Amino acid sequence: ICFVVTKSFLLTCCLPIFLMGMRYYFSRKVILHYLDCALHTDMSDIEQYYMKPPGSCFWVAVLDGNVVGIVAARGNEEDNTVELRRMSVDSNYRGKGIAKALGRKVLEFAMLNNYSSVVLGTTAVKMAAHKLYESLGFKHVGVVEHYALPGMTRSLLERMFFQVRYHRYRLQLREE
């Protein structure tokens with residue numbers, strides 16, 4: 001279409017590069033803003049958000065003296081659920097069972113504290129993350145299209161070049 005409209009091979013060849021560059025720029029911008037928000041909220045004071053509130057906790061996976069993974073659990077007394085949050089494993093240590101061990105730690109915590117279910121939400125694009133949750137027993141319960149991450153401006157260009165799907169999962173531990 002570009003060539004038909006412009007009659008320019010150069011412009012036709014440059015357009016995909018420009019579009020990929022815009023996609024990269026907005027993806028990076030949104031993700032960096034999201035990380036900045038996380039580092040200025042719950043991750044800025046882990047003790048306050050995850051260690052002091054009842055029914056919440058934070059675990060760190062350490063290998064050879066290095067932090068290689070983290071996961072948090074945040075209890076919700078109103079519906080007797082615990083939310084699995086902030087699961088992350090250093091990219092150099094993925095595929096070694098660390099995330100599964102961290103996930104199991106949250107499930108064990110939930111059972112010991114008599115929660116009826118564990119919930120989580122993820123924007124992960126990698127299928128490995130979704131397979132991990134399913135291997136832990138979580139059931140996919142829905143998707144929110146065009147999800148707005150904290151820090152997103154929802155500008156027209158952001159919406160054009162960066163869209164996020166938010167997947168929700170639930171693991172029922174016992175009936176209420």
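Owing to the predicted nature of the structure, the values given are computational and were not obtained by experimental measurement.
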Quiz prompt | Any side-chain heavy-atom pair of K52 and D45 under 4.5 Å | solution = no
Exercise. Could you check E83, E77, R174 and say which one makes a side chain to side chain contact (heavy atoms under 4.5 Å, CB included) with Y115?
Key: E77
Quiz prompt | Note, L63 side chain near K96 side chain (heavy atom, < 4.5 Å) | solution = no
Quiz item: Can you tell me if N80 uses its side chain to pair, donor with acceptor, with the backbone of N114 under 3.5 Å?
Solution: yes
Self-check item: Beyond-backbone contact of Q172 with K139, side-chain heavy atoms, under 4.5 angstrom
Solution: no
Quiz item: Using 30° and 60° as the class limits, which term best fits the ring planes of Y133 and H130: parallel, tilted or perpendicular?
Solution: perpendicular
Quiz item: Can you list the residues that meet the ring-ring contact (aromatic ring centres under 6.0 Å, His included) rule with F18, with sequence neighbours excluded?
Solution: none
Quiz item: Would you say R159's side chain and R154's backbone share a donor-acceptor pair under 3.5 angstrom?
Solution: yes
Quiz item: NE2 of H40: more than 12 outside heavy atoms within 6.0 angstrom?
Solution: no
Practice problem: Flag yes if Y169 and Y166 sit in one hydrophobic cluster, no otherwise; membership is Ile, Leu, Val, Met, Phe, Trp, Tyr, and two members link when side-chain heavy atoms are under 4.5 Å apart. | Solution: no
Quiz item: Between V82 and G55, which heavy-atom pair has the shortest distance, and what is it?
Solution: CG2-O, 4.1 Å
Quiz item: Do Y24 and I31 belong to the same hydrophobic cluster, where Ile, Leu, Val, Met, Phe, Trp and Tyr are linked whenever their side-chain heavy atoms lie under 4.5 Å apart, directly or via other members?
Solution: no
Quiz prompt | Side chain R170, main chain V119, donor-acceptor under 3.5 Å | solution = no
Quiz prompt | Path from L35 to Y147 over hydrophobic side-chain contacts below 4.5 Å | solution = yes
Quiz item: Are V144 and M152 in one and the same hydrophobic cluster, where Ile, Leu, Val, Met, Phe, Trp and Tyr link if side-chain heavy atoms are under 4.5 Å apart?
Solution: yes
Quiz item: Which ILVMFWY residues are connected to I46, directly or by a chain of links, through side-chain heavy atoms under 4.5 Å apart?
Solution: L39, M43, Y49, Y50, M51, F58, V60, V62, V67, I70
Quiz item: Within the distance-only criterion (no hydrogens, no angle test), does the side chain of N66 pair as donor or acceptor with the backbone N or O of V68 below 3.5 angstrom?
Solution: no
Practice problem: Flag the pair L107 / F138 as yes when at least one side-chain heavy-atom distance between them is below 4.5 Å, and no otherwise. | Solution: yes
Exercise. Identify whether M111 and V118 are in the same connected component of the hydrophobic contact network (ILVMFWY, side-chain heavy atoms under 4.5 Å).
Key: yes
Quiz prompt | Separation of T12 OG1 from K7 NZ (nearest 0.5 Å) | solution = 10.0 Å
Exercise. Under the salt bridge (charged side-chain N to carboxylate O under 4.0 Å, His left out) rule, collect the residues that match up with K105, sequence neighbours excluded.
Key: E108
Exercise. Determine whether D42 and R85 make a side-chain contact, defined as any pair of heavy atoms from C-beta on separated by less than 4.5 Å.
Key: yes
Exercise. Just do the side-chain contact (heavy atoms from CB on, under 4.5 Å) check on L132 and K126 with the steps written out, would you?
Key: CA-CA 10 Å; L132 167 69; K126 294 183 179 180; over 6 Å; no
Practice problem: For residues L102 and A61, report the shortest heavy-atom separation together with the two atoms involved. | Solution: CD2-CB, 4.2 Å
